[in-house]
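Order of appearance sets the numbers: ligands from 1, and atoms from 1 within every ligand.
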Amino acid sequence: MGLFDKHLAYRDAYKAIQDVGANPFKVRFDAVHSPTEGVVDGRPTILLGTNNYLGLTFDEQAIAASVKAVQERGTGTTGSRIANGSFESHVELEQELAKFYGRKHAMVFTTGYQANLGVLSTLVGRGDHLILDADSHASIYDGSRLGHAEVIRFRHNDPEDLAKRLRRLGDAPGERLIVVEGIYSMIGDVAPLKEIAAVKREMGGYLLVDEAHSMGVLGATGRGLAEAAGVEEDVDFIVGTFSKSLGAIGGFCVSDHDDFDVMRVICRPYMFTASLPPAVAASTVTALRRMIEQPELRDRLNRNAKRLYDGLTAMGFLTGPSASPIVAATMPDQERAIAMWNGLLQAGVYLNLALPPATPDSRPLLRASVSAAHTDEQIDAVLKTYGEIGAALGVIEPLKRARA
Ligand code: PMP
């Protein structure tokens with residue numbers, strides 16, 4: 001037996017995908033000219049799968065802040081937040097996040113993935129109960145493994161099933177932490193947070209919302225789904241990332257909980273890794289300010305999302321339940337999903353290919369993420385290409401039949 005023998009099935013599946021065309025897991029961007037334009041394999045390409053919701057990766061002020069920081073403070077902190085890795089910009093970022101969310105405390109992590117690992121494994125421990133939506137992101141599942149709480153899954157976006165699971169727990173000892181996401185990352189569906197908050201109010205426990213894909217996207221001021229649903233008071237912890245709407249990298253958690261700060265000396269994914277480079281902390285503070293002062297970016301994003309969603313739905317592609325900046329089209333089978341993805345790439349459209357088991361209903365899908373920076377012309381060009389390739393590959397007709 002070799003070390004990799006247990007992964008042979010994956011190796012073979014991976015090879016079969018590569019044999020069809022480009023390798024979807026090794027796409028190389030030769031150049032990125034703007035939030036929506038790049039060069040892939042020498043071809044000018046519309047970028048439609050980058051989570052760059054507000055297009056802030058090229059914000060001039062964020063770039064200037066980043067350049068200034070790298071020149072003044074160097075390329076890295078070379079250490080953990082609890083040793084030599086807390087610079088003025090990390091502290092400023094935490095203060096600005098706490099202010100933006102109207103919470104007492106904010107903690108910045110090096111990625112959103114680590115924020116979930118850290119927060120989930122620290123808030124609940126042995127004897128506690130972690131109650132997760134079944135379609136939770138990998139970072140939430142991994143966080144649940146890093147801790148020692150009992151993990152209970154409830155049916156995706158189903159508040160009644162959540163209530164049932166809590167009822168079943170009865171008055172068993174231990175804390176209860178319910179975890180949901182704002183917008184789910186694969187098909188862009190939104191959690192029924194009002195109803196979930198009502199279950200929490202009735203049955204007790206704490207509620208954590210991962211707003212990775214909804215920060216900057218939902219809510220009157222961009223605070224996410226909790227703001228949009230009017231239930232911020234019921235949400236005890238908000239986790240988020242800087243790698244999507246804020247165009248950088250990093251993660252955070254905000255809360256009003258009085259003892260929150262103790263996490264800084266017990267939360268291992270916070271303590272035992274180097275902190276964000278000063279350039280990233282500085283660009284993120286600026287991007288947060290730019291997001292707040294330009295609510296029109298959110299309007300533009302939501303208009304673009306609707307244009308793409310409506311266009312794909314009208315052509316007969318199966319998309320998520322409602323328009324959101326994540327617009328997914330389910331493919332009839334893996335073969336055609338891969339062919340469709342390759343066809344789009346060759347025609348100059350980049351989006352994400354998602355294959356089971358990473359998809360919610362075990363069917364392959366093409367996942368687009370729209371940006372405020374897309375123009376109407378780009379979205380219309382994408383729709384035209386999508387329709388032509390979909391028809392040529394026989395993807396649209398079978399889907400129409402499946403739906404009928
Ligand atoms: N939570 C969710 C719901 C996500 O989709 C992601 C990233 N795709 C993360 C957390 C992790 O974010 P990061 O890229 O900052 O590690």
Side-chain angles (χ1 to χ4, degrees), residues 24-25 48-54 56-57 81 90 93-94 97 106-121 123 130 132-146 153 156-157 177-191 193 196 207-218 223-226 235 237-254 267 269-270 273-277 280-281 283-284 287-288 291 320 324-328 351-355 357-360 365 367-371:
F25 307 112
L48 191 73
T50 62
N51 308 304
N52 198 351
Y53 298 123
L54 302 180
L56 288 176
T57 49
R81 288 296 306 276
H90 299 90
L93 182 51
E94 286 176 342
L97 283 163
M107 236 170 112
V108 163
F109 294 75
T110 307
T111 65
Y113 178 86
Q114 284 164 302
N116 273 333
L117 285 192
V119 172
L120 296 187
S121 61
L123 289 179
L130 187 51
L132 310 180
D133 182 289
D135 281 3
S136 288
H137 187 258
S139 56
I140 293 173
Y141 275 109
D142 293 356
S144 76
R145 283 200 202 123
L146 194 62
R153 300 191 312 165
H156 176 54
N157 274 354
L177 177 66
I178 304 162
V179 180
V180 299
E181 296 172 31
I183 295 179
Y184 282 83
S185 60
M186 279 295 149
I187 62 168
D189 49 339
V190 176
L193 197 58
I196 287 169
L207 177 59
L208 181 151
V209 181
D210 179 343
E211 303 263 21
H213 292 273
S214 35
M215 177 195 201
V217 173
L218 296 178
R223 289 203 293 263
L225 179 60
V235 177
F237 303 95
I238 289 179
V239 167
T241 175
F242 309 143
S243 72
K244 304 185 197 303
S245 285
L246 298 183
I249 185 166
F252 69 89
C253 181
V254 296
C267 176
Y270 174 84
T273 195
S275 63
L276 288 174
V280 172
S283 89
T284 306
L288 179 62
M291 182 187 97
S324 92
I326 298 167
V327 182
L351 40 65
N352 313 122
L353 172 68
L355 299 174
T359 56
L365 52 85
R367 173 191 181 275
S369 48
V370 179
S371 173

- Query: Nearest protein heavy atom to atom 5 (O) of ligand 1, by residue and atom, and its distance?
  - Reply: H213 NE2, 2.7 Å

- Report yes if some N/O of G112 lies less than 3.5 Å from some N/O of ligand 1; otherwise report no. yes

- Is a donor on one side and an acceptor on the other found under 3.5 Å between the side chain of R153 and the backbone of S136? no

- Message: Less than 4.0 Å is my threshold; does some heavy atom of G250 fall inside it relative to ligand 1?
- Response: yes

- If you scan protein heavy atoms around atom 8 (N) of ligand 1, the nearest is K244 NZ, 3.0 Å

- Task: List every atom of ligand 1 that sits less than 4.0 Å from any heavy atom of A212, numbering the atoms from 1 in the order shown and giving each element.
- Result: 1 (N), 2 (C), 3 (C), 4 (C)

- Considering heavy atoms of the protein only, find what lies nearest to atom 1 (N) of ligand 1 and give residue, atom and distance to 0.1 Å. D210 OD2, 2.6 Å

- Please write down residue, atom name and distance for the protein heavy atom closest to atom 14 (O) of ligand 1. S243 OG, 3.0 Å

- Write out the residue and atom name of the closest protein heavy atom to atom 9 (C) of ligand 1, then the distance separating them to 0.1 Å. H137 CE1, 3.6 Å

- Answer whether the closest heavy-atom distance between the side chains of Y53 and H213 falls below 4.5 Å. yes

- Over all heavy atoms of both residues, which pair between R81 and E94 is shortest? Give the atoms and the distance, please. NH1-OE2, 2.9 Å

- Task: For E181, counting its heavy atoms only, list the atoms of ligand 1 lying under 4.0 Å from any of them.
- Result: 3 (C)

- Item | Test item: T359 side-chain N/O and A354 main-chain N/O as donor-acceptor pair under 3.5 Å | no

- Item | Contacting atoms of ligand 1, where contact means under 4.0 angstrom from a heavy atom of N116 | 1 (N), 10 (C)

- Message: Among L123, V235, I178, V180, exactly one meets side chain to side chain contact (heavy atoms under 4.5 Å, CB included) together with L208. Which residue is that?
- Response: L123

- Message: Can you classify the ring geometry of F242 versus F252 as parallel (below 30°), tilted (30 to 60°) or perpendicular (above 60°)?
- Response: parallel

- Message: Counting only nitrogen or oxygen atoms and a 3.5 angstrom limit, does Y113 reach ligand 1?
- Response: yes

- Message: Donor-acceptor check, side chain of E211 to backbone of A226, threshold 3.5 angstrom: yes or no?
- Response: yes

- Query: Can you list the steps and then say if H137 with Y113 is a side-chain hydrogen bond (donor to acceptor under 3.5 Å, both in side chains)?
  - Reply: CA-CA 9 Å; H137 187 258; Y113 178 86; over 6 Å; no

- Task: Decide whether the shortest distance between a heavy atom of S139 and an atom of ligand 1 is less than 4.0 Å.
- Result: yes

